[in-house]
Visitor: 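After the structure tokens below, expect a handful of questions from me.
Here the structure is a predicted model, which is why all the values come from computation and not from measurement.
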Amino acid sequence: MSNHLFDAIKRSVPSEEAIFIETGDAQYWTYGKMLEWSGKIAGAIDTLGVRPGDRVAVQVEKSAEALMLYLACIRCGAVYLPLNTAYTLAELDYFIGDAEPRLVVVSPKAEEGISTIASKYGALIETLDENGGGSLVELAKDEPADFTDSTRTPDDLAAILYTSGTTGRSKGAMLTHDNLLSNALSLRDYWGFTAQDRLIHALPIFHTHGLFVATNVILTSGASMFLLPKFDPAEVLSLMPRATTMMGVPTFYVRLLQNEGLNRNAVAGMRLFISGSAPLLADTHRAFHERTGQAILERYGMTETNMNTSNPYDGIRVAGTVGFPLPGVSVRVSDPETGMALAQGETGMIEVKGPNVFKGYWRMPEKTKSEFRDDGFFITGDLGKIDDQGYIHIVGRGKDLVISGGYNIYPKEVETEIDALPGIVESAVIGIPHPDFGEGVTAVVVKKPGSQTDEKTILNALNDRLARYKQPKQIIFVDDLPRNTMGKVQKNILREQYSLIYTARANA
Ligand code: MCA
Ligand code: AMP
């Protein structure tokens, strides 16, 4: 009897008394308490009737208890399905309908709205609040702490994470126990994590970065983390003297640089700053180095693949690159059309293969097949090259995707919503350089003649349909969209034409 991921976590526990989590209100979670509460919650889920392989969908605020719920699912064999807290009811309806979870866990304040959706798809509903209360915790209190973990092989599913699709429909990426464990162990060793590390954890816990990269690396190192509800530069700076490492999206570093408290002294005890989820501008890398003497380590991953490449821990971290393939991961660059491997230095499609790569998209075998080459390499949709030193550069995206503050937005999804509004002919959604979020979601819209629709009307209509971070930061009205001879909208022309709108606004 073994549970592939949780057995490895148990083997990494330094002692029952060692600290795993410190929350902002100076509450401590020891590793012993982690074992006890993940076991109790696993018991509660099991008593509710959740069986191995059943999905448990979770949309809750960040808390230590929420991480216990993730671990409880791993222990009882359920498939953990985290959902962004910004998702609207319309978005949740799709995810719950598609994944058909046995149980949905939500914040008490969202229970009323979501319960209709849960009952529509035959799911049970329980609550968990940001202070560690809620009906699920009440159930867990009556459960014994010594839960017998369910047997899970390396190939069994541990989680499904939804990523939006270029054609509109979101796809559930199926991640196995070994996808998560192999990547966590690899990152732990590559980045030199030990039980002495204390990570500043200010990321959300419903995406790969904050959930798997941060949490699983800490757990498999027997280390500890400061679990913060959100990113607040002043709070992060105040914790640095007691921390050793931080993981963040580029916006974290941009915002830290705006704080005068960031200097060599403030980071003296920090051994590593890691960035990922979106391109870190070389300027940000240089400015951070100048101010602190520390070179941010940039790495590259995807929901479907966990982490693929990383700049070296020992060695030169080159700004504007994502480093080398992680041990055990193969990366190649191919011709996007033919799939033929390209020579070193040439730009093409980045493809990856390794134990980190997901099992496929939930109930989408055709889609899964079309995104893999016959020899098992996954086609990332990212365009890049490998330089003569072996460093990988991401130079663009073959997929129509905007990344804003580390969140992905698929233009097609936003365009579909805008185009359905009265008075609209069509729209093109693009990402434009944004000083804070890296890229700002921008909609270029053509109205019907005589239509009174304005920016406010469109944004109000999107409020119930799309999570806030997906909504355009600006809407530009035009008479028509530029098209090529095939009739395809030329987004590159729009991106160029409006490239300065956010920087101009910031400098005004
Ligand atoms: C918040 N807003 C945003 C974003 N976040 N708008 C666009 N993009 C965003 N990322 C909206 C808010 O709803 C609000 O809207 C307004 O912007 C200002 O909010 P603010 O308070 O400034 O935002 P915040 O709460 O400080 O959040 C910014 C943030 C956050 C800290 C950058 O977005 C964040 O934590 N991002 C990390 C995302 C992440 O973990 N990605 C990893 C995905 P209004 O005022 O109009 O209401 S995993 C991944 O990508 C792969 C696998 C990988 O490689 O890691
Ligand atoms: P997600 O769908 O959230 O998993 O986002 C994955 C995408 O984020 C990748 O396919 C890349 O386009 C992008 N990404 C992640 N890390 C980096 C990075 N360090 N540099 C550039 N793009 C990145």
Side-chain angles (χ1 to χ4, degrees), residues 183-194 196-203 207-210 212-218 220-221 223 225-226 231 233 236-237 239-240 243-257 262-264 266-302 305-329 331 350 352 356 382 384 386-387 389-394 403 405-406 438:
N183 211 235
L185 296 177
S186 185
L187 295 173
R188 176 193 71 182
D189 297 343
Y190 206 72
W191 294 339
F193 272 83
T194 69
Q196 271 63 56
D197 273 304
R198 289 181 302 280
L199 176 82
I200 297 176
H201 189 313
L203 290 157
H207 285 309
T208 297
H209 199 163
F212 301 140
V213 183
T215 308
N216 290 343
V217 164
I218 291 306
T220 52
S221 310
M225 57 190 180
F226 296 102
F231 177 74
V236 164
L237 273 167
L239 282 172
M240 281 186 193
T244 61
T245 50
M246 187 180 89
M247 296 182 190
V249 294
T251 302
F252 284 19
Y253 296 101
V254 169
R255 291 186 183 182
L256 276 171
L257 278 162
L262 181 80
N263 53 40
R264 282 177 189 255
V267 305
M270 296 286 286
R271 70 170 183 88
L272 183 59
F273 289 94
I274 300 170
S275 177
S277 307
L280 179 74
L281 292 181
D283 279 352
T284 310
H285 191 282
R286 283 190 210 106
F288 199 88
H289 190 240
E290 260 167 38
R291 187 93 77 85
T292 65
Q294 301 237 10
I296 299 170
L297 181 153
E298 186 171 7
R299 57 56 174 183
Y300 157 60
M302 278 183 84
T305 63
N306 297 287
M307 299 305 103
N308 297 312
T309 75
S310 171
N311 267 279
Y313 182 63
D314 295 312
I316 301 170
R317 300 174 195 159
V318 180
T321 83
V322 292
F324 308 110
L326 287 165
V329 179
V331 177
I350 299 178
V352 296
N356 53 316
D382 292 311
I386 304 177
D387 69 19
Q389 308 290 311
Y391 286 86
I392 295 163
H393 301 236
I394 298 178
I403 306 184

Visitor: Is the side chain of Thr309 donor-acceptor paired with the backbone N or O of Val322 at a distance under 3.5 Å, no angle test?
Guide: yes
Visitor: Starting from the C-alpha separation in whole Å, work towards a yes-or-no answer on side chain to side chain contact (heavy atoms under 4.5 Å, CB included) for Tyr300 and Ile350.
Guide: CA-CA 11 Å; Tyr300 157 60; Ile350 299 178; 4.1 Å; yes
Visitor: Suppose we screen for side chain to side chain contact (heavy atoms under 4.5 Å, CB included). Which residues come up paired with Tyr391, at least two apart in sequence or across chains?
Guide: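 If we apply the side chain to side chain contact (heavy atoms under 4.5 Å, CB included) test to Tyr391, skipping adjacent residues, the hits are Asn311, Pro312, Ile316, Val318, Thr321, Phe324, Asp387, Gln389, His393.
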Visitor: Measure across Pro250 and Pro279 and return the closest heavy-atom pair with its distance rounded to 0.1 Å.
Guide: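 That would be CG-O, 3.4 Å.
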Visitor: For Arg188, which residues count as a side-chain hydrogen bond (donor to acceptor under 3.5 Å, both in side chains) partner, sequence neighbours excluded?
Guide: none
Visitor: Under the side chain to side chain contact (heavy atoms under 4.5 Å, CB included) test, which residues partner Ile386, sequence neighbours left out?
Guide: Val333, Gln344, Ile392
Visitor: Taking only residues two or more places apart in sequence or in another chain, which ones pass side chain to side chain contact (heavy atoms under 4.5 Å, CB included) with Arg198?
Guide: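 Checked Arg198 against side chain to side chain contact (heavy atoms under 4.5 Å, CB included); matches are Ser224, Phe226, Thr244.
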Visitor: Output the distance between atom OG1 (Thr220) and atom CZ (Phe193), rounded to the nearest 0.5 Å.
Guide: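 Rounded to the nearest 0.5 Å, the OG1-CZ separation comes out at 9.5 Å.
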Visitor: How close do Leu256 and Pro233 get, counting heavy atoms only, and between which atoms?
Guide: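 Residues Leu256 and Pro233, closest heavy atoms: CD2-O, 4.0 Å.
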Visitor: Would you mind listing every salt bridge (charged side-chain N to carboxylate O under 4.0 Å, His left out) that reaches into residues 277-289, with sequence neighbours excluded?
Guide: Asp283-Arg286
Visitor: Hey, what do you get for CD1 (Ile274) to CZ (Arg299), rounding to the nearest 0.5 Å?
Guide: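 So the gap between those two atoms works out to 8.0 Å.
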Visitor: What is the distance from atom CG of Asp382 to atom CE of Met302, rounded to the nearest 0.5 Å?
Guide: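 Result: 6.0 Å between the selected atoms.
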Visitor: Give me the atom names and distance for the closest heavy-atom approach of Ala184 to Val217.
Guide: O-CG2, 3.9 Å
Visitor: With a cut-off of 3.5 Å and sequence neighbours excluded, list every side-chain donor-acceptor pair involving residues 287-297.
Guide:
{"unit_1": "Arg291", "atom_1": "NH1", "unit_2": "Asn259", "atom_2": "O", "d": "3.2"}
{"unit_1": "Arg291", "atom_1": "NH1", "unit_2": "Leu262", "atom_2": "O", "d": "2.9"}
{"unit_1": "Arg291", "atom_1": "NH2", "unit_2": "Leu257", "atom_2": "O", "d": "2.3"}
{"unit_1": "Thr292", "atom_1": "OG1", "unit_2": "Phe288", "atom_2": "O", "d": "2.6"}
{"unit_1": "Thr292", "atom_1": "OG1", "unit_2": "Gln294", "atom_2": "N", "d": "3.0"}
{"unit_1": "Gln294", "atom_1": "NE2", "unit_2": "Val267", "atom_2": "O", "d": "3.4"}
{"unit_1": "Gln294", "atom_1": "NE2", "unit_2": "Met270", "atom_2": "O", "d": "2.8"}

Visitor: Please give me the minimum heavy-atom distance between Ala278 and Ile403, naming the atom from each residue.
Guide: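 That closest heavy-atom pairing would be CB-CG2, 3.6 Å.
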Visitor: Please enumerate all residues that pass side-chain hydrogen bond (donor to acceptor under 3.5 Å, both in side chains) together with Ser275, with sequence neighbours excluded.
Guide: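 In terms of side-chain hydrogen bond (donor to acceptor under 3.5 Å, both in side chains), with neighbours along the sequence ignored, Ser275 is linked to no residue.
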Visitor: Minimum heavy-atom separation for Ala223 and Thr194, please, with both atom names.
Guide: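 Reported closest heavy-atom pair: CB-O, 3.3 Å.
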Visitor: Not counting sequence neighbours, which residues clear side-chain hydrogen bond (donor to acceptor under 3.5 Å, both in side chains) with Asn308? List them please.
Guide: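 Expected list: Thr305, Asn356.
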Visitor: Report yes or no: does Thr245 contribute a side-chain atom to a donor-acceptor pair with the main-chain N or O of Arg271 at less than 3.5 Å?
Guide: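 No, because the side chain of Thr245 does not come within donor-acceptor range (under 3.5 Å) of the backbone of Arg271.
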Visitor: Using side chain to side chain contact (heavy atoms under 4.5 Å, CB included) as the criterion, list what pairs up with Asp189, not counting sequence neighbours.
Guide: none
Visitor: Within this structure, what is the CZ-CD1 distance for the pair Phe273 and Ile200, rounded to the nearest 0.5 Å?
Guide: 7.0 Å
Visitor: Rounded to the nearest 0.5 Å, how far apart are CG of Asn216 and CG of Leu187?
Guide: 9.5 Å
Visitor: Residues two or more places apart in sequence or in another chain: which of them pass side-chain hydrogen bond (donor to acceptor under 3.5 Å, both in side chains) with Ser310?
Guide: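 Once residues adjacent in sequence are excluded, the partners of Ser310 under the side-chain hydrogen bond (donor to acceptor under 3.5 Å, both in side chains) criterion are Trp191.
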Visitor: Ser186 and Leu326: which non-hydrogen atoms are nearest, and at how many Å?
Guide: OG-CB, 4.1 Å
Visitor: Working to the nearest 0.5 Å, report the span between CG of Leu199 and CG of Leu272.
Guide: 9.5 Å
